[in-house]
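Counting convention: from 1, in listed order, for ligands and their atoms alike.
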Amino acid sequence: MTSNRRVVVIGGGLAGLRCAARLATGGAAAVTVLGEEPHAPYNRVLLAEILAGRYDPEVTALPDPGPALRRGVRAVRVDRADRTVRCDDGTVLGYDTLVLATGSNPVLPPLRGLFEPDGRELPEGVHAFRTMDDCLALSAAVRPGVRAVVIGGGLLGVSAARALAARGAQVVLAQQAERLMERQLDADASALLHTHLTALGVEIHTECRVRGLTKAAPAQGGGTLVTGVELADGYRLDADLVVLACGVRPRIGLAQAAGLDVRKGVVVDDRLRTSDPRIHAIGDCAEHDGRVYGLAGAALEQADAVAAFLTGTGDPAGTSPYTGTRALTRLTLTSGDDGPLDLAAFGQATPLPGDDVIRLADATRRTYRKVVVRGDRLVGGVLLGELSTVAALARSWEDGEALTDFSHLLTDDGGS
Ligand SMILES: Cc1cc2nc3c(=O)[nH]c(=O)nc-3n(C[C@H](O)[C@H](O)[C@H](O)COP(=O)(O)OP(=O)(O)OC[C@H]3O[C@@H](n4cnc5c(N)ncnc54)[C@H](O)[C@@H]3O)c2cc1C
């Protein structure tokens, strides 16, 4: 890459900042990151710890690229013919290479009463859980005894419910699926997680669809105030706070308006190029080989790969294609007296016919370990409460190495 090449990165989150840092160390001269959020760069993965009161926001800081990051500036249009990006502050930046790292937006479920007719503001007391602003607003609203309903029992909903319970809220978690974190966990692991959250005081309703909100006019006037939720069976729950944790959707608006190929996410090839070879996409907004990851590990790996391609650095000199990420999901659910519950899941935790399954469960110690083996390869696993083998298992899974002896997979040293 020539040293005067102008690289513009849209999005100052995990992927965008990592890419900018790698480009800077790889010799790219002029990198500008546009980040619409006004805050110092932070790690979104740790928001639940801030909400739980365990960390101050500063603890979640990501390395700040200094003046290269234009904080509080949103890119509003990409003009591919001129190779320019127009920003909401009126500035226009030229680029030779553009990297889209716009992340994702929370999914807002189709709840009756979520918006006023023609309105776009959430009612007072209703919060998404995606940004530092969401987290600080929720944090300011929660106090002991407050009644909170969390809608969604995936990774986000479980994290939010645990954090609110740690702050003394009375939490009800409404999960439409038949169990918690159904995408990552099998039924047994889910049941253990259920028990753990219940012990923290979270009331969990599975196969429970929230269909609407009940609201009132706030005492101080203006807008509407949430007072509860209405379930599909007609039952009503009172609530002072409602958290929408119904998943995320890649932020593809800019790419779509610029005429790039977009499906679930912005479609990229094995060099993370979009349908315009001068524009790359990484992180939650990108779709590679039909897959949108929505996970931190993939965002970082894609950022590293793009930086290596653009600077010709890395091993071997930025020439290896990006072939996808084997992303491990990890979560630590810390609580008061009950001790933390560590959780890790990877690959396909639900076996297909013919797969071998090795499982160790200890109800007293609240540990559960399971791996799924297909032929001589490890294809997935779930670990709860006891993660000493996770590094060795993840290595074996990532490398796709042939296994000769399965018996060591779940023992404490993972056979390493
Ligand atoms: C509460 C929470 C917990 C999570 N926990 C885990 C976990 O345990 N493990 C895990 O692997 N993943 C977790 N994730 C997901 C992980 O945070 C994301 O996969 C990761 O942040 C993706 O990085 P990204 O840079 O692609 O997107 P983001 O981090 O979302 O960053 C995108 C940035 O781009 C900005 N942006 C968007 N459009 C524009 C524009 N037009 N102009 C300027 N800026 C723009 C956005 O404001 C945002 O700051 C969690 C997410 C949340 C919200």
Please verify whether a non-hydrogen atom of [X] lies at under 4.0 Å from ligand 1.
X      : result
Thr329 : no
Arg330 : yes
Ser159 : no
Val73  : yes
Ala48  : no

request  = Quick one: list whatever passes salt bridge (Lys or Arg N to Asp or Glu O under 4.0 Å) with Arg209, sequence neighbours left out.
outcome  = none

Report the part of [X] (side chain from C-beta onward, or backbone N, CA, C, O) that has a heavy atom under 4.0 Å from ligand 1; answer both or neither where that applies.
X      : answer
Leu155 : side chain
Val248 : neither
Tyr293 : neither

request  = Measure from NZ or CZ of Arg271 to the centre of the six-membered ring of Phe309, then state whether that distance is under 6.0 Å and the direction lies within 45° of the axis.
outcome  = yes

Within the 3.5 Å criterion, strictly below it, is a donor on [X] or [Y] matched to an acceptor on the partner's side chain?
X     : Y      : value
Tyr42 : Glu37  : yes
Arg70 : Thr91  : yes
Arg22 : Thr311 : no

State whether the shortest distance between N or O atoms of [X] and N or O atoms of ligand 1 falls below 3.5 angstrom.
X      : result
Ala75  : yes
Leu295 : yes
Leu14  : yes
Ala15  : yes

key: side-chain hydrogen bond (donor to acceptor under 3.5 Å, both in side chains) partners of residues 253-269, not counting sequence neighbours, each pair once   = Asp269-Arg273

request  = Determine whether Glu301 and Tyr322 make a side-chain contact, defined as any pair of heavy atoms from C-beta on separated by less than 4.5 Å.
outcome  = yes

